[in-house]
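Read through the structure below, which is laid out as structure tokens, and then see the notes.
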Amino acid sequence: MSQVDQQFMARALELARKGLYSTHPNPRVGCVIVRDGKIVGEGWHAKAGEPHAEVHALRQAGELARGATAYVTLEPCSHHGRTPPCAEALVSAGVARVVAAMQDPNPQVAGKGLLRLMEAGIAVHSGVLETEARELNAGFIKRMEQSLPFVRVKLAMSLDGRTAMASGESQWITGPEARAAVQRLRARSSVVITGADTVLADQARLTVRAEELGLNAELTSLAIDRPPLRVLIDGRLRVPLSVPFFQAGPALVATCAAAAARDRFLQEGHELLAVPGSNGHVDLRKLLMELAARGANEVLVEAGPKLAGAFARAHLVDEFQLFVAPKFLGSSARPLLDWPLARMVEAQELEIRDIRAVGADWRITAVPRKAS
């Protein structure tokens with residue numbers, strides 16, 4: 001892997017990140033066409049149904065693509081979906097070499113795109129900045145490989161690990177900069193999940209608000225055009241349709257209660273999904289599998305300690321996003337997670353991937369360590 005290849009692939013990844021908020025259910029992909037050491041075409045995939053990154057880059061390059069090198073962050077597709085296969089477009093354009101960051105985990109592609117290129121006499125190299133490429137599409141990869149979405153749990157807490165006062169009062173623990181960061185987490189997600197307690201106590205809407213995203217006009221427009229599906233887990237159907245959550249737009253309600261109320265929800269523009277469960281609690285893994293089957297790559301859980309704790313106890317969390325405010329709420333305030341543990345050996349160890357200041361608060365990105 002040459003330094004030049006890394007340089008141009010880094011630019012392709014930069015372009016791919018422009019699709020962070022809008023490509024669902026497709027992966028985020030960027031492409032750079034290089035001839036004689038100079039970039040002659042660039043492109044990125046904006047959203048499903050529109051041309052892929054390679055097509056945009058080839059259009060910009062025109063005849064200069066012939067004999068050039070194409071750097072693409074994901075193996076070019078080889079099948080007909082909503083758009084024609086990109087591998088064929090690269091062959092037709094006459095590129096001499098294709099450098100891919102990684103192979104496509106989609107079983108419909110999975111090496112077939114690279115094989116088509118090689119059969120056409122194009123030099124192919126894969127694995128350049130693969131770690132970065134996989135991180136960018138962790139949700140898409142997990143859905144393809146495990147039929148589950150990538151689950152990110154967002155938590156806001158005080159320095160003493162509390163999320164709300166004993167009364168339930170929780171607005172606002174963190175400042176405006178942290179809340180804007182949460183808006184961007186919502187915008188990049190396929191699905192935002194919350195629970196009945198949060199909707200009832202906080203009057204939560206869980207919407208993406210354009211004015212709080214802090215993005216440029218182009219990305220804001222894409223994010224708002226493709227908002228995440230809002231999912232309420234309400235095992236016993238305790239939440240009335242009159243709450244702000246339902247008034248904010250269409251939502252999906254996951255329940256293990258009798259589905260007799262389905263028509264009532266449909267009349268209000270919502271969907272009622274029956275999910276297996278026990279004692280009034282939805283089976284979270286089965287819900288996630290259903291969401292993955294619907295094309296969900298990334299799921300953001302914004303919930304209280306009971307539901308967040310349930311995801312953690314079931315070992316369904318891929319990443320924790322912890323926003324820590326420089327304040328104490330006291331010993332009578334509510335804990336971060338409802339997760340009773342009796343012995344130190346039961347403690348969930350985390351690997352901290354990133355810590356940074358967000359306004360007056362701190363943002364910690366941590367992932368569960370795998371059991372040895």
Side-chain angles (χ1 to χ4, degrees), residues 10 13-14 16-21 23-24 27-28 73 129-143 146 148-163 170 172-194 206 208 212-215 219 223 228 288 296-305 307-327 335-337 339 347-371:
L13 283 165
E14 184 180 352
R17 291 186 188 98
K18 290 187 174 186
L20 193 66
Y21 305 101
T23 62
H24 158 84
R28 299 139 182 160
T73 59
L129 301 188
E130 181 170 356
T131 299
E132 292 85 343
R134 293 185 69 87
E135 287 177 356
L136 181 61
N137 283 308
F140 177 77
I141 294 168
K142 187 179 178 187
R143 179 166 68 87
Q146 301 180 39
L148 286 168
F150 184 93
V151 177
R152 183 177 285 115
V153 172
K154 167 261 168 183
L155 298 163
M157 67 179 187
S158 60
L159 271 176
D160 52 349
R162 304 292 173 163
T163 61
S170 63
W172 295 99
I173 291 177
T174 54
E177 294 87 353
R179 294 198 293 275
V182 172
Q183 285 288 314
R184 292 190 290 275
L185 285 176
R186 287 181 192 172
R188 69 175 289 172
S189 302
S190 308
V191 173
V192 177
I193 291 179
T194 192
L206 281 300
V208 174
E212 294 183 32
L213 284 171
L215 302 172
L219 296 185
L288 291 175
N297 292 330
E298 295 182 18
V299 166
L300 177 66
V301 178
E302 291 193 64
L307 184 54
F311 272 96
R313 290 195 305 274
H315 302 289
L316 294 172
V317 181
D318 295 293
E319 179 182 285
F320 290 97
Q321 288 280 332
L322 296 153
F323 292 86
V324 185
K327 60 184 70 168
L336 187 67
L337 296 173
W339 192 357
Q348 170 67 72
E349 293 189 11
L350 302 174
E351 177 186 338
I352 295 177
R353 295 283 178 86
D354 187 65
I355 301 178
R356 66 183 62 202
V358 184
D361 306 308
W362 289 89
R363 177 178 180 173
I364 301 173
T365 301
V367 299
R369 286 188 185 274
K370 304 298 181 185

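Heavy atoms only: backbone and side chains are in, while hydrogens, waters and symmetry mates are out.
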Just verifying a value: how many Å separate [X] [atom1] and [Y] [atom2], rounded to the nearest 0.5 Å?
X: T194; Y: L307; atom1: OG1; atom2: CG; answer: 7.0 Å
X: T23; Y: F140; atom1: OG1; atom2: CZ; answer: 9.0 Å
X: L337; Y: R313; atom1: CG; atom2: CZ; answer: 9.0 Å
X: N137; Y: L20; atom1: CG; atom2: CG; answer: 9.5 Å

Are any of the side-chain heavy atoms of [X] and [Y] separated by less than 4.5 Å?
X: D361; Y: P326; value: yes
X: L206; Y: L300; value: no
X: T174; Y: V182; value: no
X: R17; Y: R28; value: no
X: F323; Y: L185; value: yes

With sequence neighbours excluded, what pairs up with [X] under the side chain to side chain donor-acceptor pair (under 3.5 Å) test?
X: Q183; value: none
X: E212; value: R209
X: R188; value: E298
X: S190; value: H24

Got a sec, which residues hit side chain to side chain contact (heavy atoms under 4.5 Å, CB included) with [X], two or more places apart in sequence or on another chain?
X: A180; value: R184
X: R353; value: E351, T365, V367
X: I355; value: I352, W362, I364
X: A133; value: L13, A101, M102

Can you see which heavy atom on [X] is nearest to which on [Y], and at what distance?
X: P305; Y: P335; answer: CB-O, 3.5 Å
X: A187; Y: L213; answer: CB-CD2, 3.9 Å
X: A181; Y: V358; answer: CB-CG1, 4.5 Å
X: A308; Y: L155; answer: CB-CD2, 4.0 Å

Apply salt bridge (charged side-chain N to carboxylate O under 4.0 Å, His left out) to [X] and list each qualifying residue two or more places apart in sequence or on a separate chain.
X: E319; answer: R152
X: E177; answer: none
X: K142; answer: D318
X: R186; answer: E302

Counting distance only, does the side-chain N/O of K18 pair as donor-acceptor with the main-chain N or O of L219 below 3.5 Å?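 Side chain of K18 to backbone of L219, a donor-acceptor pair under 3.5 Å: no, none is there.
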
